[in-house]
Protein chains: 2
Amino acid sequence: MPANNTRSYPNSQPTPRSQNLEDIAAKAGVSRSTVSRVINNEPHVSEKTRHKVLAVIQAEGFTPNPAARALVTQRTQVIGVVIPQVPLILFEDAYYFPTLLQGISRVTNARDYSMLLWLGQADGDEERFYNRIISNRLMDGVIIASAGENYPLIDHFLRVQTPFVLVERPARRHDQNRISYVTIDNIAAAREAVTHLIRLGHTRIGTITGNLAIADGIDRLEGYKQALYAAHLPVDNRLIAVGNFTYHSGYEGAQKLLAQVGDHQSGKALDAIFVASDIMARGVVEALQEAGLNVPDDIALVSFDDLPTAQQVRPPLTSVHHPVEEKGAHAADILIDLIEADDPVPQQIMLPTELIIRQSCGEY
Amino acid sequence: MPANNTRSYPNSQPTPRSQNLEDIAAKAGVSRSTVSRVINNEPHVSEKTRHKVLAVIQAEGFTPNPAARALVTQRTQVIGVVIPQVPLILFEDAYYFPTLLQGISRVTNARDYSMLLWLGQADGDEERFYNRIISNRLMDGVIIASAGENYPLIDHFLRVQTPFVLVERPARRHDQNRISYVTIDNIAAAREAVTHLIRLGHTRIGTITGNLAIADGIDRLEGYKQALYAAHLPVDNRLIAVGNFTYHSGYEGAQKLLAQVGDHQSGKALDAIFVASDIMARGVVEALQEAGLNVPDDIALVSFDDLPTAQQVRPPLTSVHHPVEEKGAHAADILIDLIEADDPVPQQIMLPTELIIRQSCGEY
DNA sequence: AGACCTTCTGAGAGCGCTCCCGCCTAATTC
DNA sequence: GAATTAGGCGGGAGCGCTCTCAGAAGGTCT
């Protein structure tokens, strides 16, 4: 750290010290306290002095020093956003995390917060990543996106009572009610998607699941089963291929289903597939076409996420739409509510989804 | 703002005040100053006391209060990242901004900074957006991505001598040498791409330009022209369609070229197109196929950016690869250098590109 | 007229850190 | 052995703000 704080620039006078409350007070002919009151919109300031002070603030372009303010209030008006799995997410679904950030940003802008972004690195030095976040005490609260179940940060923030919100359901934690999160109703959405296939007359419906270590994967499979139960159709394990949300796992999953249920050209061993993500569905389409099968005539497809890619695939995919931007916005809103509450109560929100009908399910 | 700073949680004792230097000093049996010296890795501390203090810090999990530190040092170890055109960028090229952020994040992590993210909103209240950024004094410096030429923030940061780096070349500013930026050599890259088409025997080469209000658009067109000059081919204005980097403008641009140079089924009025972005190229492919033309047999295509989509389009696109992640990393590195320099000197960096050969140019 | 509010304002303390200054001790020099 | 020097350490000031407290000014009531 350099010895002199006032950095020197070539051919220019040294940067002038920026103004403080005292300077503004002197120019307005009042005290520091009064200026502070005006800035913080407190009562008990006469209209006359308020205007006088505001005029000076405006003229001087004064903004109070956030560090000094934070030092005394113990508040920074900054929230953190932690996205651990960036390389993975980015590779599979580039829209997700910018869209989420966009939603968060909309709310932080509106509620006068700013966001500190923490992206996990490809090098995978998670220990260091966590430590940097934990030791950064500049944040009033944190949004954690797609972290998985036992993410160490969760326990840390619970322990030190830092408000935080997860963007996902922490499926296997016993303390779900102590944790705030926003998610979608994966079960209901998957049930609706599969029910739609059933309504179209399909009876041999397979599924390619997402990663069954996280709630999105678990719940979409559960919804698939519930739809079959409700229609009194059997749940056949040979019709369930476990994937992990990647293109490749979709491709392989489709091949596995085809292999497991025998000859599809003739017998109607499999007539539709519910795929737990659009990215996987792209792989499924590829595999089916390679096998000489037509979508949707031979096998109908419904998938999940409704990414832009769903419209670009041939045939366009019927898919469950996901309000990602809204997830971000709600997460930020809940978090700021927690931060500002005298007596914070964890909140859990499930956002509605919508089944978008396109050609892959054969109804179009 | 609540009257009491120590927030109360239900069924728990009030949050204990977090420790400070004085507490650590007491536990280690030294003074506040010595602890500060240890934390800041200053000399003139005996190895013995240094170890003793470090042990206590470790045991207590102590981290110094960043607000207090910032208050006296005038440094926050925070850089800002401003991305004004998010909705536009996101719609056209979802990979760009997460990848850029990823690059920035890699460097900030390594150099012990954190990043404050500012995303432009769809509502387009730019005035308010700028003001929020300007009045946030929590940042030691700023990276501004894809802002366009006369972005008000540029002038502001120049005026108040806040270090900043642009991710793009500020094409039409006369004060380019006062401004730090990182970009690619668009002219050379475009020249190489077009020269490649010429080498493959094409002589009637059209182009669909990007947005000619920004450097990327201007320079890629310039590179196209330079390649023609060098090969002694005429620059025919009827072969130049002005686009703006969007899918739609690519689609329309292709139709315009076809219309302007007459009958393409028979006469060889147009045999190749250099498209200034992959996104536009997707539109071009669509338009050409609708016109019954085969890519690359009837019309060869070379485009720019090498997004993942370039591999997914049929035929896969020959395209100029763009080191977006590296752009972010370099921008962050330059910025932090500027921040930490006693005597900052603006830097301009041009990163190398690479022409990736795929099927759309007909060579494969 | 005095007592009592009520509204407005200013002074002082203190948040937790860094940095300057000066003291103490031990090592080095003549 | 006295004088000097250097390393190691502690105390004080102050960064710019908020918040409490007390005082000044003005109005209302007995």
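Chain A is the first sequence line, chain B the second, and so forth, proteins listed ahead of strands; every chain is numbered from 1. Hydrogens, waters and symmetry mates play no part in the numbers below; they use all other heavy atoms, side chains included.
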Under-4.0 Å side-chain N/O to phosphate OP1/OP2 contact, N20(A) with dG16(D): yes
V45(A) side-chain proximity, nearest of dT9(C), dC17(D), dC17(C): dT9(C)
Phosphate OP1/OP2 of dG10(D): any S31(B) side-chain N/O under 4.0 Å: yes
Under-4.0 Å side-chain N/O to phosphate OP1/OP2 contact, T49(A) with dT9(C): yes
Presence of S33(B) side-chain N/O under 4.0 Å of dT18(C) phosphate oxygens OP1/OP2: no
T34(B) side chain near dG10(D) phosphate (N/O to OP1/OP2, under 4.0 Å): yes
N or O in side chain of T73(A) less than 4.0 angstrom from dC17(D) OP1/OP2: no
Closest nucleotide among dT18(D), dG12(D), dC19(D) to the R69(A) side chain: dT18(D)
N/O (side chain, N40(A)) to phosphate O (OP1/OP2, dT18(D)) under 4.0 Å: yes
Distance below 4.0 Å between S36(A) side-chain N/O and dC17(D) OP1 or OP2: no
Close side-chain approach of V142(B) to L153(B), heavy-atom, < 4.5 Å: no
Salt-bridge present (D125(A), R132(A); N to O < 4.0 Å): no
Between dC19(D) (P) and L21(A) (CG): distance, integer Å: 12 Å
